[in-house]
Amino acid sequence: MTLLIKNAKIFTKGTLINKNIFVENEKIRKITNQNLMADKVINAKNKIVLPGIIDSHVHFREPGLTGKEDFYSGSRAAASGGITTILDMPNTNPPTTTVERLKEKRRLAKKSVVNYGFHFGSTSENIEEIKNVKNVASVKIYMEKTTGDLIINDDEALKRIFSLPITKTIHAEGGQIKKALELGKDTLSRLYFCHVSSKEELNLIIENKKNNVFIEIAPHHLFLSEQDKEKQGSFAEMKPSLKVKEDQIALWEAIKNNRVDTIATDHAPHTVEEKHQINYPYGVPGCETILPLLLNAVNDGLLEIKKLVQLCCENPAKIFKLKGKGFIEEGFDADLTIIDMDLEKEVNNDSLFTKCKWSPFNGMSLKGWPVITIVNGNVVYNNGNIEHVRGKEVEYN
Ligand code: NCD
Ligand code: ZN
Ligand code: ZN
Ligand code: ZN
């Protein structure tokens with residue numbers, strides 16, 4: 001199968017240029033001015049082609065929590081949002097804390113329509129499993145109570161896990177961030193701080209930032225604040241919680257100053273019914289809105305396309321060592337997101353692909369949307385329709 005994407009502006013080597021992309025056997029074969037013959041041609045006139053968006057932080061809820069989402073529904077949501085690769089979190093039921101359970105999750109993930117990889121869970125007892133696990137993006141350390149039971153309070157266990165030569169993805173807030181920085185200060189392996197949300201946390205990490213320390217921000221912290229909590233109640237409650245305007249400004253400032261490494265959704269769907277309970281769970285879906293929100297910000301002059309690609313494509317690929325991902329270059333995987341910067345639409349709960357069928361951004365009008373998503377050279381999303389293709393598990397450099 002060959003594919004030619006022509007007449008587009010493509011984002012390659014740090015800039016937008018007019019070239020065609022020729023895809024063969026799932027890879028970008030040629031970036032060219034030529035009109036090569038292909039089995040399929042996409043005329044992308046007036047559109048931009050970006051490297052496929054990589055979402056390093058999603059909860060697709062399999063196994064055990066499939067009333068909220070599963071790999072099929074979640075990956076369809078991802079594809080429609082321009083995401084071509086997701087990294088799934090381990091707080092499922094049972095949690096992904098043994099090699100055996102990871103094997104089962106791998107089997108479940110085969111129905112994903114986008115590419116996928118896994119973060120492995122940690123407990124105070126599973127250090128041998130962590131040592132034995134292969135081909136995962138990171139080990140996730142929950143230092144705070146959140147959805148699921150994966151929290152480690154035992155300092156000795158934390159010390160042992162932090163000393164392992166593996167990338168650590170960390171859920172910490174407030175004082176726990178300080179502790180994580182302390183625990184990780186002598187390690188050479190990577191420390192990736194998830195969903196950093198406040199000015200204080202941000203400054204603390206930035207002060208201690210070395211080249212193995214990374215900061216992730218979630219879109220809801222960039223585009224929503226405490227006031228939205230008053231309006232939306234539990235539907236705007238997640239961990240960490242929404243903050244005040246001052247914090248939001250600090251996050252944008254940090255993006256501008258190149259202090260932030262990635263933006264990832266923390267796609268954490270819960271059903272409407274669950275959100276209406278008194279003890280509602282924390283988390284909001286995000287795969288379908290991350291890119292339109294950011295493209296709208298580009299249209300508003302808040303963000304450059306180049307920065308968006310760094311945060312959502314290049315850096316996730318580098319940090320998690322994803323082979324062949326993150327760049328439009330010859331030899332790389334043909335994971336591509338075609339966007340229309342002029343398309344203006346409202347986020348609409350009824351047209352979402354996520355199983356939970358709601359978004360904290362419902363009703364928001366955004367300009368700049370993905371229109372075609374290509375995974376391994378196959379069109380998976382095309383203007384509202386999802387094709388039945390299968391993603392693959394990522395490989396690591
Ligand atoms: C996440 C979930 O529901 O799995 N919830 C959330 O509010 N972010 C867990 C997490 O990422 O902490
Ligand atoms: Zn978290
Ligand atoms: Zn999360
Ligand atoms: Zn309600």
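Scope of the values below: all heavy atoms of this structure, side chains included, with no hydrogens, waters or symmetry mates. Every number for a ligand or one of its atoms is a count from 1 in the order of the listing.
Judged purely by distance below 3.5 Å, without hydrogens or angles, the side chains of Tyr192 and Glu216 pair a donor atom with an acceptor atom. Residues Gln176 and His171 bring no donor and acceptor atom of their side chains to less than 3.5 Å of each other. Of the N and O atoms on the side chains of Lys168 and Ser189, at least one donor lies less than 3.5 Å from an acceptor on the other residue.
Annotation: side chain to side chain donor-acceptor pair (under 3.5 Å) contacts of Asn349 (sequence neighbours excluded): none. Under the side chain to side chain donor-acceptor pair (under 3.5 Å) criterion, Thr169 pairs with Ser138, not counting sequence neighbours.
Excluding waters, the count of protein N/O/S atoms less than 2.8 Å from the Zn ion (ligand 3) comes to 3.
Taking the six-membered ring for Trp and the full ring otherwise, the centers of Phe60 and His267 sit less than 6.0 Å from each other. Ring-centre distance between Phe235 and His270: not below the 6.0 Å cut-off. Centroid-to-centroid, the aromatic rings of His388 and Tyr72 come within less than 6.0 Å.
A cation-pi contact, defined as under 6.0 Å to the ring centre and within 45° of the axis, is absent between Lys321 and Tyr396.
Contact residues of ligand 1 (protein heavy atom closer than 4.0 angstrom to a ligand atom; sorted by chain and number): His57, His59, Arg61, Asn91, Thr146, Thr147, His171, His195, Met238, Lys239, Asp266, Ala268, His270, Tyr282, Gly283.
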